[in-house]
2 protein chains.
Amino acid sequence: MLRAKQTLPKKTLSKRTLSMPTIKDVALAAGCSTATVSRALANPEKVSEATRQRVAHAIAEVGYVPNVAARNLRRAESRTIVTLLPDISNPFFSEIINGMEEVAHQAGYQVLIGDCERDPGRAEAYFNLLPTNQADGIILLTSDIPRALVSHADARADAPLVMACEFFSDVDLPTVAIDNYQASAHAIDYLASLGHARIASVSGPVGNPICRERTRGYHDALAARGLSNSARVVEGDFGFRSGYQQGMTLLDGMEPRPSAIFCHSDEMAIGVLKAARQLGIGVPEELSVVGFDNIGFSEYCEPELTTVSQPRHEIGQQAMRMLLSLLAGEAVVRRQTLSTQLIVRKSTGRPAA
Amino acid sequence: MLRAKQTLPKKTLSKRTLSMPTIKDVALAAGCSTATVSRALANPEKVSEATRQRVAHAIAEVGYVPNVAARNLRRAESRTIVTLLPDISNPFFSEIINGMEEVAHQAGYQVLIGDCERDPGRAEAYFNLLPTNQADGIILLTSDIPRALVSHADARADAPLVMACEFFSDVDLPTVAIDNYQASAHAIDYLASLGHARIASVSGPVGNPICRERTRGYHDALAARGLSNSARVVEGDFGFRSGYQQGMTLLDGMEPRPSAIFCHSDEMAIGVLKAARQLGIGVPEELSVVGFDNIGFSEYCEPELTTVSQPRHEIGQQAMRMLLSLLAGEAVVRRQTLSTQLIVRKSTGRPAA
DNA sequence: CGCCAGAATGTAAAGCTTTACACCAGAGCG
DNA sequence: CGCTCTGGTGTAAAGCTTTACATTCTGGCG
C-alpha cells in the first residue's frame with residue numbers, strides 16, 4: 001500500500017518529517033532574541049508584558065514545544081525521579097506509586113520505576129543515573145540494596161535520597177514511614193484482648209529492619225501480657241507461597257498449635273489461610289489470622305482478612321514531596337511517621353474454648 | 001552535625017561536587033581527538049586496535065562516563081520506551097512489564113510506565129513525549145485512549161507504536177496478543193463438556209475489542225453446542241467489586257440460575273466466588289467459575305481458580321522486540337498470536353444433578 | 001543637565017556529544 | 001612513478017536551550 005513518498009532520498013526522516021520548530025523560530029516570529037523567548041517562558045516577570053504577549057502568540061503560531069533534552073542538558077537536571085522497589089508485581093506498591101506520581105507530575109517531574117527484583121546489580125544501575133543527571137533523585141521502597149550505594153549519603157544532608165516504608169538500621173536517610181513497632185504491638189494487643197494466648201508470627205525477611213521492628217513490637221506486646229513464653233516467629237518472604245509453607249509449619253507441626261497468627265504481609269496471611277483450609281482448621285473459630293498492608297485481595301479472600309492498613313497513597317505523596325523539597329534545597333523534616341489502622345474483618349475472633 | 005564545608009561560597013554544588021570528566025578529558029588523556037574517543041565507543045571497528053586500547057585506558061583512568069543527555073540530544077533519541085496501561089495496580093500487567101524491561105534493558109533502553117488510570121488526558125501527555133524525542137516509542141496495553149492519538153499511525157507503517165494484549169477495531173497497529181476468540185471458546189467448550197447447560201459470562205467493558213472477541217467466542221461455542229438460548233452476558237470492569245456485584249446479579253436474581261460463569265478476568269471471578277459464598281452457593285458443586293489471566297492470587301483463593309493463562313512474560317518480551325525492530329527500521333510481523341492455556345483447578349466441576 | 005538605577009533586551013558562550021567532511025599516509029596497481 | 005583507494009584520524013559544526021554579561025534606554029533625582 002506504500003503511498004507516494006517512495007521517491008525519498010534514502011530512509012531518513014522516519015521521525016520528524018518536518019523538524020520541529022525551535023526557540024529560534026519563535027524568536028524570529030516574535031521579533032526578539034532567543035534569550036527573551038527563553039525568559040518569557042522560564043521567568044515571565046523579567047519580560048515586559050507586551051513582549052510576553054508577542055512571544056505567546058509566536059509560540060502558538062509556529063507550534064513550538066521546548067526540547068526537553070536540550071533544556072535538561074543545559075540545566076544539568078532530568079526532572080526524573082527513580083523509585084526503587086523490590087518487586088513491581090506486589091500490589092502493595094502500586095498505590096504508593098500512584099501517590100508519588102500525583103505530586104511528581106504536578107511539579108513537572110517524571111517517575112521512573114526501578115524494579116530490583118532481588119538483583120542488587122539493578123539497584124546499582126539505577127543509582128548510576130544520579131551522577132550523570134539522568135535522574136535527579138531516588139525514592140527507596142526497599143532496604144534490600146548494596147549498602148555501599150547509600151552509606152555515604154547520610155553525611156551529605158542534602159543527598160537526593162528518601163526512603164519510604166522501609167529504613168536502614170545504620171544509615172540515616174530522610175524517611176516517611178509508619179511506626180512498625182506500634183502497629184505490630186497494636187495488632188498483637190488486639191489478638192490478646194480477644195483472649196488469644198498462643199500467638200505466632202510469620203515475619204518477613206529477618207534481615208529487614210521493618211520486620212525487626214514489627215517483631216520487636218510483637219515480643220513486647222506479648223511480654224506486656226505475660227505471654228512471652230508462647231512466642232514463636234518464623235520467617236517468610238512476604239509472598240503467598242512462603243505464607244502457605246510457614247502456615248503449614250506452624251499449624252501442622254506444632255503442639256500446642258497457635259490460636260492466632262500475625263503475618264507481616266497480606267499475601268503471607270492469605271497463604272496461611274490456605275494452609276489452615278487444607279488442614280481443616282476453621283478460621284476464625286479455631287484460628288485467627290492478621291495480615292499487614294490491606295491490599296485489594298484482603299477483602300475478597302475467605303474469610304475476609306483482618307489487617308493493618310497503611311496510608312499508602314499518602315506515603316507516596318509525602319515521600320515525593322520530601323524529595324522535591326530536598327532538591328529545592330529546602331529544609332525537611334527528616335522523619336515523618338504516618339498512622340496505621342487495624343481493619344477488623346472476618347479472619348479474627350475469640351479463640352475456641 | 002554539619003561538618004566542615006560550612007565555609008562554602010553560597011549554596012552552589014549541591015550536585016557534582018567535582019564536575020564529571022567529559023569526553024574532552026578522555027581525549028586529552030588518550031592523546032587523540034574527541035571524535036576518536038566517540039568513535040572508539042560507538043563504532044570500535046572504525047578505530048585502530050592501538051587507539052582503542054589507549055582510549056579504554058584513558059576512560060578508566062579519568063573515570064569517564066558518557067553524558068546521556070548530550071548524546072540523546074545530538075542523536076535525537078531518548079532510549080526510552082513508554083508503556084501505557086490502564087491501571088498499574090492490576091497485577092496482570094506486572095509480569096508483562098517485567099518481560100518488556102528484560103529485553104529493553106538488554107538493548108540499552110529504559111521503560112517508562114505510564115499509568116492512564118482512566119484519565120484520557122494522561123495518555124495524550126505521554127504521546128506528546130514522542131515528537132519531542134523524550135520517548136522513542138510506545139507500547140499500548142490498553143485500547144482505552146482517545147482514538148485521535150493513534151488514528152493516523154497505521155498509515156505510517158513504521159510509527160513506533162505497538163499494541164500488546166489489546167487491539168483497536170478500526171486502527172491496524174502491530175500487535176502481539178492471544179487469540180481471545182479461541183481462548184474464550186475453549187473455556188466455554190470445557191464447561192459444556194462437563195455438562196453445563198446454563199453458562200453465563202461476566203464480560204469486561206463491552207466497548208473493549210478483546211472483550212467483544214471473547215464474547216463472540218462465548219456465543220459461538222454455545223451455539224455449537226446448541227446452548228445459545230441460555231446465553232447471558234453481563235458487564236464488569238475487570239475489578240473485584242464489579243465481579244462481586246455482577247455475580248450477585250447473576251446468582252441472586254436469575255431463574256433458573258446459571259450453573260457456570262465465565263469471567264473476563266480473575267479479579268472478577270474472585271468477586272463472583274465471594275458472591276457465591278455469600279449466597280451459600282457451593283463452588284464447584286453448585287456453580288463452576290472460570291477466570292482469565294492466571295494472576296498470582298488465583299492459586300490462593302477458595303476454591304483455587306480455574307482460569308485461562310496468558311504467556312504474560314512472553315507477551316511483554318515480544319512486544320518490546322517488535323517495537324525495537326520497528327525503531328531499527330526492520331520489517332516486522334505485524335500480528336503475533338501467542339497461545340493460551342486453560343488451567344484447571346478447583347473452581348470447576350460437573351454440574352449438580 | 002548629568003548621573004545613576006533599574007528594567008528590558010541582545011550577544012554569545014556553555015553544556016557534551018556525534019558526525020559530516022577534510023585530511024593524510026600507506027598500499028596496491030597500472 | 002603516479003594514481004586511486006582505504007583506513008585512521010582531526011576539525012568543527014550541529015543539536016537546542018539557558019544564562020552570564022553587555023548593552024540600551026528610561027525615568028528620577030540631585
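Since this is a predicted model, take the numbers as computed values, not measurements. In what follows, chains carry the letters A, B, and so on, assigned in the order in which the sequence lines appear, proteins first and then strands, with residues in each chain numbered from 1.
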Would you mind telling me which of [options] lies closest to the side-chain atoms of [X]?
X	options	result
A:C32	C:dG10, C:dT17, D:dT17	C:dG10
B:A35	C:dT9, D:dA12, D:dT17	D:dA12
A:T22	D:dC16, C:dG10, D:dG10	D:dC16

Between [X] and [Y], do the side chains contain an N or O donor and an N or O acceptor separated by less than 3.5 Å?
X	Y	result
A:N72	A:S78	no
A:T142	A:D144	no
A:Q53	A:E49	yes
B:H105	B:Q110	no

Return the 5'-most residue of the pair B:G31, A:R71 with respect to DNA chain D, ranking by each residue's nearest nucleotide. B:G31
Nearest-nucleotide 5' precedence on DNA chain D, B:T34 against B:E45: B:E45
Taking atom types as they are modelled, is there a donor-acceptor pair under 3.5 Å from the base of C:dT18 to the side chain of B:R74? yes
Base of D:dG10 paired with side chain of B:R39 (donor-acceptor, under 3.5 Å): yes
Would you kindly give the [atom1]-to-[atom2] distance between [X] and [N], to the nearest whole Å?
X	N	atom1	atom2	value
A:I59	D:dT17	CD1	P	10 Å
A:N133	D:dT17	CG	P	19 Å
B:R75	C:dT18	CZ	C1'	7 Å
A:K24	C:dG10	NZ	P	15 Å
A:N43	C:dA8	CG	P	13 Å
B:L73	D:dA13	CG	C1'	13 Å

DNA chain D-proximal residues of residues 47-54 of chain B, any heavy atom under 4.0 Å: B:V47, B:S48, B:T51
Taking for each residue the nucleotide of DNA chain C with the nearest heavy atom, is it A:T36 or B:P66 whose nucleotide lies nearer the 5' end? A:T36
Just how large is the angle between the end axes of the helix from C:dC1-D:dG30 to C:dG30-D:dC1, five pairs per end, to 10 degrees? 60°
Give me the distances for all protein-to-nucleotides 4-7 of chain C N/O pairs that come in under 3.5 Å?
none

Touch check for B:S38, heavy atoms < 4.0 angstrom, all strands: base, sugar-phosphate only, or nothing? base
Approximate separation, where rounding is to 0.5 Å, of B:S89 OG and A:I96 CD1: 12.5 Å
